[in-house]
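Everything below concerns the one structure shown next.
In listed order, ligands and their atoms are each counted from 1.
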Amino acid sequence: MRAVSVPGTLVVLLSGPNLDLLGEREPEVYGRDRLADHVASATEEAARCGLELEHHQSNHEGELVDLVHGARGRAAALIVNAGALTHYSWSLHDALAAFEGVVVELHLSNPAAREPWRHTSVVAGVADGTITGFGGLGYSLAVGAVARLLAERAPGTT
Ligand code: DQA
């Protein structure tokens, strides 16, 4: 379990490489919805939970590292679908380890049921939990999980 949380209601959703192509890219694996559709459902669920969602997508590892740094001290939680960086980005691992709030790892597909190189996540060890394999539903599930964890960690909660 990760240590402390940052007070507040801001949740930053980060989308890694190639997720900008959702809807066109391998629809048999990732579905026909576009990233904007997933962001909309996450934003809706966040509003329902009294949270605010900010989304960023990048195809560049360093930019994602910078975005994690930018969330420090400002966001209460991060939801991260790092795309293929999930499987090898130690710099993203280290950036997430330096984030004080809740971290949820998210995937549309179930990497454990796919090619062997997708079975390792270097992000999982610095996340509070992982949501995989539920397709677009995962976006609202991830926000719901964040809301529950933030409520549990709110000051005055035992
Ligand atoms: C993904 C799974 C990764 O293995 C892959 O590289 C992606 C998408 C998912 O959401 O299922 O780009 O993160």
Any atom of ligand 1 sitting under 4.0 Å from a heavy atom of Asn81?
yes
Less than 3.5 Å between some nitrogen or oxygen of Trp117 and one of ligand 1, yes or no?
no
For the residue pair His107 and His87, categorise the inter-ring angle as parallel (less than 30°), tilted (30 to 60°) or perpendicular (more than 60°).
parallel
For Glu26, state whether at least one heavy atom is located under 4.0 Å from any atom of ligand 1.
no
Should the proximity of His119 to ligand 1, defined as any heavy atom under 4.0 Å, be assigned to the side chain, the backbone, both, or neither?
neither
Are Glu54 and Arg74 ion-paired here, with the side-chain N under 4.0 Å from a carboxylate O?
yes
Quick check on contacts: which atoms of ligand 1 are under 4.0 angstrom from a heavy atom of Arg25?
7 (C), 12 (O)
Please determine if Asp128 and Arg153 form a salt bridge, counting it only when a charged side-chain N lies under 4.0 Å from a carboxylate O.
yes
Among protein heavy atoms, which lies nearest atom 11 (O) of ligand 1, and at what distance?
Ser109 OG, 2.6 Å
Could Arg34 and Glu24 be called an ion pair, given the rule that one side-chain N must be under 4.0 Å from one carboxylate O?
yes
Say whether Leu19 and Leu137 are linked into one hydrophobic cluster, either directly or through other cluster members, by side-chain heavy-atom distances under 4.5 angstrom.
yes
At what distance is the nearest protein heavy atom to atom 5 (C) of ligand 1, and which residue and atom is it?
Arg118 NH1, 3.2 Å
In one Ile/Leu/Val/Met/Phe/Trp/Tyr side-chain cluster, 4.5 Å: Tyr139, Val29
yes
Would you check the N or O atoms of Leu106, main chain and side chain alike, for any that come under 3.5 Å of an N or O of ligand 1?
no
Give a yes or no on whether the backbone of Asn18 and the side-chain of Asn59 come within a donor-acceptor separation of less than 3.5 Å.
yes
How does His107 reach ligand 1, by side chain, by backbone, by both or by neither, if only non-hydrogen atoms under 4.0 Å count?
both
the protein heavy atom lying closest to atom 9 (C) of ligand 1 turns out to be Leu108 N, 3.4 Å
Is there a donor-acceptor pair closer than 3.5 Å between any side-chain N or O of His119 and the backbone N or O of Ala112?
yes
By number and element, which atoms of ligand 1 are closer than 4.0 Å to a non-hydrogen atom of His87?
3 (C), 4 (O)
